[in-house]
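Beneath this line is the structure, given in structure tokens, with notes to follow.
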Amino acid sequence: MAGERILLVEDTDELRQHLATRVLRPAGYEVLTAQDGAEGFTLAREVEPDVIVSGYEMPRVNGLSMLEALHSAGIYIPFILMTAEGSEALAVRALRMGVNDYLVKPFSGEELLLALQRTQRRYRTRQIAEDIPEQLLQVNRHLEQRLRELDTLVSLGKRVTGQLERQQVLSQVVEAAVEIAGAESGSLLLVDHATEELYQVASIGEAHEVTGDLRLRVADSLAGRVVQTRQPLVIAGEELQKIKTRYLFRALAYVPLLLKNRVIGVLGVTTRQEIQPFEQHKVQLLNVLADFAAIAVENARLYAATEKERDTLNTILRDTEDPIIVVDDQGHVLFCNPAASRAFNVSLTRCYGQPLAEVLDHREVVELFNKEARSGRGRRTEIALADGRFLHAQLTIIRGVGRVVVMQDITHLKDLDRIKNDFVTTVSHDLRTPLTAILGYVELVRRAGPLTQQQRQFLEHIVFSVQSITTLISELLELGKIEAGFDEDREPVPLAAAIRHVIETYRQAWEAKRHTLQVRLPDDLPPVLGNPLRLRQVVSNLLDNAIKYTPEGGQIRVMLEADGDFQILRVADTGIGVAQKDLPYIFDKFYRSDEAIEKFSGTGLGLSIVKGIVERHNGRIWVDSQVSKGTTFTVMLPSYVPTPDAPAE
Ligand code: ADP
């Protein structure tokens, strides 16, 4: 091929000249010539031509011997043999020795040029074939390097997610960054948002030596620039450069630790060896490592926060005076605080994971835990302890956890209740006894002898007044009880039945005044969660007023209906009505209208009692009235709809 160097070894001057000057040079080859094998060997070693074209028969060293000598010297050059002898044996020998082509004299210049082209083509093909493994090896090495990088990333990724020790993960990230980037030094800095500074948390190489208490200002440091721009920073140059950390580098790469689009730190590597910038793919890998570091920092923060929260919660649960016991869905103890352990004499260490019934020797508490399908009322109970204390226990079902019973010491409330009951008994007794005595003496006076008309009237006044005082005392005591929050026990009460019962007890009263009573009480309404006694008292007071404040022959209506989640009770009459000016006050204690004071007996406490009870049942009450036309009291109470896991008892 043109421009390539041919070594022509031929002893016949004529042929050598001819081939060199007439064939090869005109074809563009550079030609060196030698007269025999010995000279050819020397030249071939010196200049390493691209092809050797050699005769066979030559004085001193023939063509094949020269080829052999070259091979022995480790020199392999494409070789074309020219021979006068067309023997097959020689051809075979020549080919075995690695001769690339074989020309039998006489041959034309054209034939030589074709042979040269063939040889060179074959030689190139062989060379390419020989080069391929080298290229493959290179690709392989490249792939292995990538695999190593990936391995490092994957194993680091696993450690980041599986390990909570922040410092360890961050040190490993820096180590991996230095290794993957082929750097000498690496560091990881975190942003202190309060002071607008970066502080070093992990380092390797030179960066490690300058750690101490290293803090860099975000405003004027290279790492700070990464925080501000949120972009990687890659610097390189021949000159040694110095960064705020006081060590020198020629190439540097800083990448941001991003968390929810916020830079929380910077991962950096530097080298003094390289003047080229860190390659793009290495910066990308550093980005991945920075992501790992950001996750590790966040994980550690969340873990610490959760730990702190758990500690706080544990402390609260441990130190609270209220006994608390938690069991799982299978009834095994999950938690029992020291207050519960003291109250029930249970060993804290022994009870965890055990069936509650086996570790807790208190029938009522164990039963309460089993009441999961009961109504709200069923999930509360009072528990008497062996040491004389009383606990109010409340069961709560927590889906996915189990059941929790929280208990509060109500011994003092029990004491108060007892004191109140004693007081009520005493007051009732002490006040009622003299009143009973008065009534007794009035009766004796009546029997003692004939009385004048006036004396009889005086005695009737005494009896009336005593009865009024008795009613007042009873109502005052009732109101006291309601306001103090006693009678808080709740149960589903079918309101229609309760109302019917009250109406019956008043039959005599309304019949005496010849009132007509109209009643509409559907039986298919849901119950109301309440105290049955108190709910009857509401109806009773309203009905009592309606009968009382309606002149003879009036009309009274008692109606119940549902409205959404509520039940509406109306007690209406055609009585004297309430004047506009009195309406805002009639639910106040002791308030009575002038007309009521004048014409009807009463204490002014009935409606206060009604309002107190309704409100304690999460209800409302209001009144509509027109003087001389009548009055309607409306009571609204929430219906009781049991939750699926707590059907009504
Ligand atoms: P008392 O009936 O003992 O006076 P209440 O608290 O029951 O006490 O009633 C307070 C006041 O409200 C009554 O004095 C009366 O003026 C008025 N009142 C209550 N119910 C009715 C009614 N149905 N019709 C007219 N006035 C009423």
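Here, residue 1 is the first one in the sequence, and each next residue gets the next number. In this text the structure is predicted, and so the values were computed from the model without any measurement. Both counts, for ligands and for their atoms, begin at 1 and track the order of listing.
Near Gly604, the atoms of ligand 1 lying under 4.0 angstrom from a non-hydrogen atom of the residue are 1 (P), 3 (O), 4 (O), 6 (O), 8 (O). Interface atoms of ligand 1 facing Thr603, defined by a heavy-atom separation under 4.0 Å, are 3 (O). If you number the atoms of ligand 1 from 1 as listed, the ones under 4.0 Å from a heavy atom of Ala596 come out as 14 (O), 15 (C), 16 (O). Ligand 1 places these atoms under 4.0 Å from at least one heavy atom of Tyr591: 10 (C), 11 (C). When each atom of ligand 1 is checked for a heavy atom of Gly602 under 4.0 Å away, the hits are 3 (O).
Taking the charged nitrogens against the carboxylate oxygens, Arg215 and Asp192 do have a contact shorter than 4.0 Å, which makes a salt bridge. Ion pairing between Glu595 and Lys599 holds under the 4.0 Å rule for side-chain N and carboxylate O. Salt-bridge formation is not detected for the pair Glu504/Arg500: no Lys NZ or Arg NE/NH1/NH2 atom is positioned less than 4.0 Å from an Asp or Glu carboxylate oxygen. Between Arg620 and Glu615 there is no salt bridge, since no side-chain N of the basic residue sits under 4.0 Å from a carboxylate O of the acidic one.
The closest protein non-hydrogen atom to atom 18 (N) of ligand 1 is Tyr549 CE1, 3.8 Å. Protein heavy atom closest to atom 4 (O) of ligand 1, with residue, atom name and distance, is Arg592 NE, 2.4 Å. Distance from atom 26 (N) of ligand 1 to its nearest protein heavy atom, with residue and atom name: Val578 CG2, 3.3 Å. Of all protein heavy atoms, the one closest to atom 16 (O) of ligand 1 is Ser593 OG, 2.8 Å. At the shortest separation from atom 20 (N) of ligand 1 among protein heavy atoms lies Asn545 ND2, 3.3 Å.
Considering backbone and side-chain atoms alike, Ser601 places every N or O at 3.5 Å or more from each N or O of ligand 1.
The number of heavy-atom neighbours closer than 6.0 Å to CZ of Arg520, taken from other residues, nucleotides and ligands shown, is 12 or below. The environment of CD in Glu364 is crowded: more than 12 heavy-atom neighbours from other residues, nucleotides or ligands sit within 6.0 Å.
No side-chain donor-acceptor contact under 3.5 Å links Thr574 and Gln555.
Looking at Leu607 against ligand 1, both its backbone and its side chain come within 4.0 Å, counting heavy atoms.
Here the closest non-hydrogen pair linking Val263 and Pro256 is CG1-CB, 4.0 Å. Heavy atoms only, all atoms of each residue included: Val405 and Met407 are closest at CG1-CE, 3.6 Å.
Proximity of a side-chain donor or acceptor of Thr320 to a complementary backbone N or O of Leu317 within less than 3.5 Å is not detected. A distance-only check finds no donor-acceptor pair linking the side chain of Glu478 to the backbone of Ile473 [under 3.5 Å].
At least one heavy atom of Phe633 lies less than 4.0 angstrom from ligand 1. Ligand 1 is approached by Lys548 to a heavy-atom distance shorter than 4.0 Å. At least one heavy atom of Gly577 sits less than 4.0 Å from an atom of ligand 1.
Considering only non-hydrogen atoms, atom 23 (N) of ligand 1 lies nearest to Asp573 out of Asp573, Leu605, Thr631. Relative to atom 12 (O) of ligand 1, the option among Leu583, Val623, Ile586, Val610 with the closest non-hydrogen atom is Ile586.
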